[in-house]
Amino acid sequence: DTGVSQDPRHKITKRGQNVTFRCDPISEHNRLYWYRQTLGQGPEFLTYFQNEAQLEKSRLLSDRFSAERPKGSFSTLEIQRTEQGDSAMYLCASSFILPGQGYGYTFGSGTRLTVV
Amino acid sequence: DQQVKQNSPSLSVQEGRISILNCDYTNSMFDYFLWYKKYPAEGPTFLISISSIKDKNEDGRFTVFLNKSAKHLSLHIVPSQPGDSAVYFCAASSDNNDMRFGAGTRLTVKP
């Protein structure tokens with residue numbers, strides 16, 4: 001297992017188009033997270049799954065955004081009717097346990113979305 | 001709501017000296033704190049963490065200090081090396097829930 005994989009690495013799309021990103025987490029990790037990062041900011045939480053169940057969604061996740069993890073393995077994040085404000089790095093992470101300290105994340109390299 | 005704040009966007013340090021990166025948080029329910037390091041075009045990578053029951057955790061050149069009463073933590077890197085140049089994010093979580101990140105501090109270590 002080579003870590004968390006995200007595809008594609010880069011996506012340029014026209015405003016109004018739909019885009020879908022994929023994340024393959026580390027196979028032993030049952031939690032999967034989506035974050036968004038814009039320039040000069042830290043990662044902002046979007047949503048997370050425990051196995052196939054989506055347990056929490058941020059208010060940042062408007063109704064144009066939907067995430068799935070149908071079999072508790074890979075996950076997809078879809079953005080419908082993209083807007084220029086959606087341009088960001090979308091990061092996926094899966095979690096590992098720090099003995100006595102809770103969870104840490106292993107991040108993928110991210111998908112950089114540019115909406116033109 | 002900025003629950004985790006890194007007020008210094010950048011820090012420049014001479015090679016061999018100590019780098020001190022600071023982080024403040026507002027949510028007293030946070031009980032795990034982590035530092036991540038990020039190089040350009042890569043995702044953040046885990047560096048070091050600390051539980052709220054401790055006030056110090058050390059791993060090689062990296063030490064994290066936690067002051068719960070001040071809601072403040074810091075990352076010390078000593079001695080600093082040019083390869084440490086990256087963006088460092090502070091993160092916090094409670095009850096193993098999702099993590100909140102600061103905006104990051106760009107560290108530059110000059111040879």
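In what follows, every heavy atom counts, from backbone to side chain, and hydrogens, waters and symmetry copies are set aside. The structure displayed is predicted, hence computed values, not measured ones. Order of the sequence lines fixes the chain letters, A, B, ..., with proteins taken first and strands second; residue numbering starts at 1 for each chain.
Applying the salt bridge (Lys or Arg N to Asp or Glu O under 4.0 Å) test to pairs two or more places apart or on separate chains, those with a residue in residues 9-23 of chain A are A:Arg22-A:Asp24.
More than 12 heavy atoms of other shown residues, nucleotides or ligands fall within 6.0 angstrom of atom CG in A:Leu60. Shown here is A:Glu68, whose CD atom has no more than 12 heavy atoms of other residues, nucleotides or ligands within 6.0 Å. By the 6.0 Å contact criterion, CZ on B:Arg61 is enclosed, its count of non-hydrogen atoms from other residues, nucleotides or ligands being greater than 12.
In this structure, A:Tyr35 has its ring center no closer than 6.0 Å to that of B:Tyr36.
The shortest non-hydrogen separation linking B:Leu34 to A:Gly104 is CD2-CA, 3.7 Å.
The backbone N or O of B:Met99 lies less than 3.5 Å from no partner atom in the side chain of A:Tyr33, so there is not a single donor-acceptor pair.
In the hydrophobic cluster analysis, where Ile, Leu, Val, Met, Phe, Trp and Tyr join through side-chain heavy atoms closer than 4.5 angstrom, A:Tyr105 is grouped together with A:Phe45.
One distance of note links CZ of B:Phe89 with CZ of A:Phe107; it measures 9.0 Å at 0.5 Å rounding.
For chain B, the nearby part of A:Gln37 is the side chain; its heavy atoms alone come within less than 4.5 Å.
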